[in-house]
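Values in this document were obtained by computation on a predicted structure and should not be read as measured data. So you know, we letter chains A, B, ... as the sequences are listed, proteins then strands, and number each from 1.
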Number of protein chains: 2
Amino acid sequence: MPVRPSGAPARRSRKPGAGAAAGEQPLSLERIVATAVELLDSHGADSLSMRRLADRLGAGAMSLYWHVDNKEQVFDLALDAVLAYAPPTPAGPRDWRADAVLMLEDWRAAMLRHPWSAALLPRRALGPSMLGRLELLSQTLSRAGVADADLNVAIWSVWNYVMGATITRGSFDRSADDLAAAQQQLAELSGRYPTIDRSRLLLDSDWDGAFRKGLDLLLDGLTPGR
Amino acid sequence: MPVRPSGAPARRSRKPGAGAAAGEQPLSLERIVATAVELLDSHGADSLSMRRLADRLGAGAMSLYWHVDNKEQVFDLALDAVLAYAPPTPAGPRDWRADAVLMLEDWRAAMLRHPWSAALLPRRALGPSMLGRLELLSQTLSRAGVADADLNVAIWSVWNYVMGATITRGSFDRSADDLAAAQQQLAELSGRYPTIDRSRLLLDSDWDGAFRKGLDLLLDGLTPGR
DNA sequence: CCAGTTCTCGTACACTGTACGATTGAGACG
DNA sequence: CGTCTCAATCGTACAGTGTACGAGAACTGG
């Protein structure tokens with residue numbers, strides 16, 4: 001296993017006048033991850049191969065392996081990079097409810113902005129971003145008055161809800177044509193599925209509204225007072 | 001694209017006396033899907049390759065492609081097979097609440113019984129089993145008095161919650177050693193994540209209890225009356 | 001017997017992740 | 001200057017992947 005560069009920044013002059021292809025930045029973890037996210041964003045999860053990634057970085061495929069153990073790790077890092085979160089100015093004692101909703105909606109928005117992330121989430125190591133968000137949620141709920149004994153249950157309830165909503169939403173985020181086709185196909189089988197056909201479940205769903213409603217219910221129920 | 005055998009069952013005598021390898025059953029969609037589920041259950045999602053699957057069926061790799069379009073489709077079918085559900089004897093007017101909880105807990109149990117399914121769920125076509133369960137949930141909530149206008153929101157709230165709980169649960173279903181290591185690693189960084197370290201979020205969580213609690217809250221909130 | 005349909009499968013191809021080892025280049029030390 | 005060391009890059013090779021293509025086998029009805 002190669003040694004990670006750790007804290008010290010890799011310094012390298014690489015005189016630009018020497019080679020033909022000037023202006024090439026040196027390889028680095030950050031650059032690799034950023035480019036991986038670009039690639040994933042533009043062509044989906046299947047399009048990420050080590051060779052393609054290296055090409056886009058102007059490097060040889062095997063050069064990546066000095067910075068990274070696995071392709072798996074590239075996925076982990078890309079996911080965590082996309083999920084980073086900086087709470088917006090902790091100035092003053094704010095409303096815990098607003099803080100929580102803000103963070104959770106940002107979470108959802110971040111994942112929907114990168115549709116590949118939802119499919120990656122299961123079975124991935126939880127990186128610093130995810131842990132940071134869990135920590136924040138935990139603090140917020142604690143501040144809202146949830147007893148320590150109930151804290152874990154509360155965290156997971158909210159967390160699970162947000163995860164599920166995001167993943168489901170992501171999988172239904174196909175083109176309008178696809179959705180219409182699916183609902184159409186449903187209509188033909190409406191003998192079998194009359195209720196969800198009648199309610200046009202696949203087409204007329206107000207995803208954002210449903211998300212907020214369920215979230216409010218959970219927060220109300222989990223939180224003492226009021 | 002090959003023509004699917006449709007309804008007519010493929011019959012073939014294949015006289016057993018002729019070849020050396022007797023007792024070979026003929027290929028069929030059902031057998032393929034069943035064997036795929038076996039393979040997935042025993043060695044995880046990565047172990048499913050068309051060649052391995054064919055080997056286990058005593059067939060050539062390309063023979064599968066007469067019954068199936070894609071490897072993707074094999075995944076779709078395996079997932080849907082595992083998610084089949086028969087409501088337990090619709091005898092008499094039962095308690096809607098009990099019905100709903102029963103079905104949703106069965107859903108969760110089925111997915112946890114096949115750990116690969118959680119990772120497959122995102123981005124997969126919804127097959128008959130999944131639609132059937134959505135239909136059932138829909139009918140149940142309707143029976144519980146949810147107005148048609150609120151039905152979609154209610155369905156998705158519950159659905160999302162169950163999905164998220166199951167997927168999350170599945171991803172933390174690693175060995176006890178791994179979990180302990182993770183929490184240990186967390187302890188070393190407890191400066192960064194004090195709250196979730198203190199509450200031993202990764203270790204002491206009562207998953208089943210949390211699942212029930214959140215589900216009850218949602219059903220209470222979404223349902224009129226009481 | 002033939003013609004047609006249904007089903008099986010061997011070969012080939014483009015592509016994947018990555019093990020291994022050679023190569024390059026920059027600083028350190030003499 | 002020469003050499004030694006170590007960080008970093010990358011070419012080659014290998015086992016394995018999904019599947020397109022087309023040749024054949026097995027069974028059918030005539």
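Across the protein-nucleic acid pair, Met50(A) atom CE and dT12(D) atom P stand 19 Å apart, rounded to whole Å. When the C1' atom of dC7(C) is taken as reference, atom CD1 of Ile32(B) falls 11 Å away, rounded to whole Å. Distance Trp66(B) CH2 to dA26(D) P: 17 Å, rounded to the nearest Å. Going from atom NZ of Lys71(B) over to atom P of dC15(C) covers 18 Å, rounded to whole Å. Residue Asn70(B) contributes atom CG, which lies 17 Å from atom P of dT17(D) at whole-angstrom precision. Following rounding to the nearest Å, Asp46(A) (CG) and dA14(C) (C1') show an atom-to-atom distance of 16 Å. Taking atom CG of residue Leu27(B) and atom P of nucleotide dA26(D), one finds them 16 Å apart after rounding to whole Å. Rounded to whole Å, atom P of dT8(C) lies 11 Å from atom CG of Leu57(B).
Residue side chain Arg51(A) reaches the base of dT18(C) through a donor-acceptor N/O pair under 3.5 Å, judged by distance alone.
Remark: side-chain polar atoms of Ser142(B) are not paired, donor with acceptor, to backbone N or O of Ser138(B) under 3.5 angstrom.
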* Asked: Should Trp159(A) and Leu104(A) be marked as a side-chain contact (heavy atoms from CB on, under 4.5 Å) after you check the CA-CA gap, both sets of side-chain angles, and the distance that decides it?
  -> CA-CA 9 Å; Trp159(A) 181 260; Leu104(A) 294 170; 5.5 Å; no
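A salt bridge links Asp106(B) with Arg133(B): the closest approach of a Lys/Arg side-chain nitrogen to an acidic carboxylate oxygen falls below 4.0 angstrom.
Contact annotation: Arg52(A) reaches the phosphate of dT16(C) (side-chain N/O to OP1 or OP2, under 4.0 Å). An OP1 or OP2 oxygen of dC7(C) is reached within less than 4.0 angstrom by no side-chain nitrogen or oxygen of Ser63(B). For dT8(C), the OP1/OP2 oxygens have a side-chain nitrogen or oxygen of His67(B) closer than 4.0 Å.
Among residue pairs with one or both ends in residues 43-57 of chain B, those qualifying as side-chain hydrogen bond (donor to acceptor under 3.5 Å, both in side chains) are Glu38(B)-Arg56(B); sequence neighbours excluded.
Relative to the side chain of Met62(A), the nucleotides dT18(C), dT19(D), dT16(C) differ in distance, and dT18(C) lies closest.
For the pair Arg108(B) and Phe211(B), the cation-pi test (distance below 6.0 Å, angle within 45°) is passed.
Leu48(B) comes within 4.0 angstrom of the backbone, heavy atoms only, and of no base.
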